[in-house]
Undergrad: 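Below is a structure I'd like to ask you about.
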Amino acid sequence: MKKILFVGAEAMPFAATGGLGDVMGSLPAALAKEGADVRVILPLYGQVKGEWRAKMKDEAIFNVDLAWRSLYCGIKSLKKDGVVYYFVDNEYYFKRDALYGSFDDGERFAYFSKAVLEALSHLDFYPDVLHAHDWQAALSVVYLNTLYRARAEYENIRSVFTIHNIEYQGQYNFGILGDVFGLGVEHYELMDFGGCINLMKAAIVSADIVSTVSPRYAEEICTPSFGRGLDGILRENRHKLCGILNGIDYKYYNPGRDPVIPVRYNWRTRELKCENKLALQSALGLPARRDVPMMAVITRLVAHKGLDIMTEILSKLVGERDVQLVVLGCGEERFEHYFTELARCFPDKVSVLLKYDRDLAKQIYAACDLFLMPSKSEPCGLSQMIASRYGAIPVVRETGGLYDSIKGYWEEGKRIHGNGFTFAGYSGAELYERVCAALTLWRNEEKRHRLIGKIMRTDFSWSAAARDYLAMYDNI
Ligand code: GLC
């Protein structure tokens, strides 16, 4: 049986701030279902709830050496859905107000990565593949090659590094190479990118395979417009780069059984979805009307999610049309300000909730008719899949995983093709035009019913991806 260790900074339902947490919390179970021995290791943040802590077992206590420091490390574990989750316990590093954003994030995740490698010998678990995710886990791949390879048990461990988002690379000043990361000057070249330490670059160079979360994004990041500076390094390592489209957790995201939505439904009973719209409209103080289409935006409010083209057109769109708009998410102040103003100008049409709230997100997915996701870049994107599962029509820009998962709607006689509305150019005008086309379709009851039925039946589960990952592990 293949032994895989997932290393990453978050996993649902223990601690998560975004898509990485979704993937770390659901792909392992899908791999386990296919017969792999999958374990996951993540930090034990202060945010991990008592109900989970109560289920944890103590596995080991030891010290981790990081440069001149000798640091406490406890490893706890619990089993869920056929997967063993290990938690790295160190309150000094992980009992903070937020998962990320501390001045010493570099040190925190260097400690985490070193603790992972140390833990293997204390757990007597040597995986066939160490599978690290995003910059926070990048050093685990680097340490494996630089500091641990000489030990017999570590000699044959292969490594995969998955890029969930190239926007965040883990860049630091060289002053801390020895003092924080505990690496000697002989590793300067490996760690260097443009005169700075770049953890993602070092992991790309070190790993046996580099993967990313959609085939299209794997191509895109090899080009200067998407590579965020790393496109050259990725082109050099193209032979080991692949893209596998994420899935979503079909148990957690299931409108037929979701405990947090007011009225449950599936593709056969999809007319019931409208009851969720009425409930949300009342809860948010919007006029409760079946016949007004509700558009939703659920995202971090940052530029690469397409916020600048949305803010370019939304006030015109909302002003001109009989629509409602619900926005959930927080982020850059300028965008928060824009939406607050929009809601103030159109109190009967717009409701804005500046926060991250997973249950509320599901209520919005269940309520809305159109889901807007015009990202400038999108490694995979999960929201368009969740929206589809909940019967909302996605309107997306053709980039990354959005391109791979949503195909534009068109009619051929009685037949309909596609599962959403898409556009290519990054412009407010194109977004505007596609939203209007989607609204027109929505007004045609018969067509709407058929398209939503098709959308809800599109398979975004993990089954296909899990098999692709296993094939990838076999090919190392
Ligand atoms: C990141 C990406 C998102 C992707 C997710 C999971 O959050 O921005 O596109 O779906 O990781 O891989």
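Ligands are counted one by one from 1 in listed order, and the atoms in each one are counted from 1 as well. None of these values were measured; they are calculated from a predicted model.
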Undergrad: Classify the ring geometry of Tyr473 against His131: parallel below 30°, tilted from 30° to 60°, perpendicular beyond 60°.
TA: perpendicular
Undergrad: For Tyr252, does the six-membered ring have the charged nitrogen or CZ of Lys362 within the cation-pi criterion, i.e. under 6.0 angstrom from the centroid and within 45° of the normal?
TA: yes
Undergrad: For atom 8 (O) of ligand 1, find the nearest protein heavy atom and state the residue, atom name and distance (0.1 Å precision).
TA: Asn165 ND2, 3.1 Å
Undergrad: So which of Glu378, Met373, Lys305 gets nearest to atom 9 (O) of ligand 1, if we judge by its closest heavy atom?
TA: Glu378
Undergrad: In terms of atom number and element, which parts of ligand 1 are under 4.0 angstrom from non-hydrogen atoms of Val213?
TA: 12 (O)
Undergrad: Which protein heavy atom lies closest to atom 12 (O) of ligand 1, and at what distance to 0.1 Å?
TA: His164 ND1, 2.6 Å
Undergrad: Assess Arg216 against Tyr403: is NZ or CZ under 6.0 Å from the centre of the six-membered ring, and within 45 degrees of the ring's axis?
TA: yes
Undergrad: Does the Lys NZ or Arg CZ of Arg96 fall within the cation-pi geometry relative to Tyr92 - under 6.0 Å from the ring centre and within 45° of the axis?
TA: yes
Undergrad: If you count the atoms of ligand 1 from 1 in the order shown, which ones are under 4.0 Å from a heavy atom of Asn246?
TA: 6 (C), 10 (O), 12 (O)
Undergrad: Considering only heavy atoms of Val23, which atoms of ligand 1 have at least one such atom less than 4.0 Å away?
TA: 6 (C), 12 (O)
Undergrad: Got the closest protein heavy atom to atom 10 (O) of ligand 1, with its distance?
TA: Gly381 N, 2.8 Å
Undergrad: Can a donor-acceptor pair be found, under 3.5 Å and without considering hydrogens, that links the side chain of Ser159 to the backbone of Asp208?
TA: yes
Undergrad: Is ligand 1 less than 4.0 angstrom away from at least one heavy atom of His304?
TA: no
Undergrad: Can you tell me which portion of Asp22 lies within the under-4.0 Å heavy-atom range of ligand 1? Options are side chain, backbone, both, or neither.
TA: neither
Undergrad: Apply ring pair (Phe, Tyr, Trp, His ring centres under 6.0 Å) to residues Trp135 and Phe109 and explain how you reach the verdict.
TA: CA-CA 9 Å; Trp135 77 266; Phe109 290 103; 5.7 Å; yes
Undergrad: Is the NZ or CZ atom of Lys316 positioned over Tyr432's six-membered ring, under 6.0 angstrom from the centre and within 45° of the axis?
TA: yes
